[in-house]
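Worksheet for the structure shown next.
Just so it is clear: chains get the letters A, B, ... in the order the sequence lines come, proteins before strands, and each one is counted from 1.
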Amino acid sequence: NAGVTQTPKFRVLKTGQSMTLLCAQDMNHEYMYWYRQDPGMGLRLIHYSVGEGTTAKGEVPDGYNVSRLKKQNFLLGLESAAPSQTSVYFCASSLQGDQPQHFGDGTRLSIL
Amino acid sequence: SQELEQSPQSLIVQEGKNLTINCTSSKTLYGLYWYKQKYGEGLIFLMMLQKGGEEKSHEKITAKLDEKKQQSSLHITASQPSHAGIYLCGADTSGGYQKVTFGTGTKLQVIP
């Protein structure tokens, strides 16, 4: 049972490049989340989804887009990467909004 | 300022000693979650508290949510090196049961 799987695990980008982070869960969870974790800032919510075909903005959504075309997948896109987006990105999922979230192992993204 | 304040920010204890980590909010905590994170890894769910005065234990870790539902504490009895890591509290402070706000974490080191 894989749980929450994030790909890739590491990536280095140049400023202005675009990329997509993939999150997949095999637990049939309704809710999915994307966070970024930075030193001293804790875990901040970027975007989230309460079900297939839905997305909503979190605390720090600027510069990111998301899509949830299939229930098991939640994609995070950076259209034009900036050095300020260098961070560790975590995906999480939960059965419902009032249930514990299950986290992936993270993606370390560096933007030069 | 952080919506959820954790204290202390870091803690070094000798193996076998007890310790307490606090998580405080100025808002009502509708659901309070404790997670543990090891360096370079994702968050592992420890416990969830929802009712004022609720207390839960797992092995040597006990978490409590105060009656007013604005503060939670995590207590570790007879600490071991395996307890080392970053402890994060997360909570629903809106009552919408859709998203969770996280504290900045408490880094715990256990010295043998």
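Within 6.0 Å of atom CD in B:Gln80, more than 12 heavy atoms from other residues, nucleotides or ligands are found, so the atom counts as buried in its surroundings.
A chain of hydrophobic side-chain contacts below 4.5 Å, direct or via other Ile, Leu, Val, Met, Phe, Trp or Tyr residues, connects B:Ile61 to B:Leu108. Linking ILVMFWY side-chain heavy atoms closer than 4.5 Å, directly or via other members, places B:Leu65 and B:Ile76 in a single hydrophobic cluster. One hydrophobic cluster holds both B:Val100 and A:Tyr31 under the rule that ILVMFWY side chains link at heavy-atom gaps under 4.5 Å. When hydrophobic clusters are built by joining Ile, Leu, Val, Met, Phe, Trp and Tyr residues whose side-chain heavy atoms come closer than 4.5 Å, directly or via intermediates, A:Phe90 is not grouped with A:Leu109. Residues A:Phe74 and A:Leu76 share a hydrophobic cluster, clusters being chains of Ile/Leu/Val/Met/Phe/Trp/Tyr side chains in contact below 4.5 Å.
Residues passing the ring pair (Phe, Tyr, Trp, His ring centres under 6.0 Å) test with B:His83, sequence neighbours excluded: none. Legend: residues meeting ring pair (Phe, Tyr, Trp, His ring centres under 6.0 Å) with B:Tyr35, ordered by chain and number and at least two apart, are A:Phe103, B:Phe45, B:Phe102.
Among the candidates A:Cys91, A:Ala92, A:Gly97, A:Pro100, the residue making the largest number of heavy-atom pairs closer than 4.5 Å to chain B is A:Pro100.
The distance from the CG atom of B:Leu4 to the CG atom of A:Leu43 is 11.5 Å, given to the nearest 0.5 Å. Atoms NE2 and NZ, from A:His47 and B:Lys99 in turn, are 11.5 Å apart once rounded to the nearest 0.5 Å. Put simply, CD on A:Gln37 and OG1 on B:Thr104 are 10.5 Å apart, with the number rounded to the nearest 0.5 Å.
Heavy atoms of B:Gln37 lying under 4.5 Å from chain A belong exclusively to its side chain. At a 4.5 Å heavy-atom cutoff, the contact between B:Gln50 and chain A is made by side-chain atoms alone. Heavy atoms closer than 4.5 Å to chain B are found nowhere in A:Gln6, neither backbone nor side chain. If you measure heavy-atom distances from A:Arg44 to chain B, you find no contacts under 4.5 Å at all. Only the side chain of A:Leu45 comes within less than 4.5 Å of a heavy atom in chain B; its backbone stays farther off.
In terms of heavy-atom proximity, A:Asp98 sits nearest to B:Met48 at O-SD, 3.7 Å.
Side-chain contact annotation: B:Gln98 with A:Tyr48, donor-acceptor N/O pair under 3.5 Å present.
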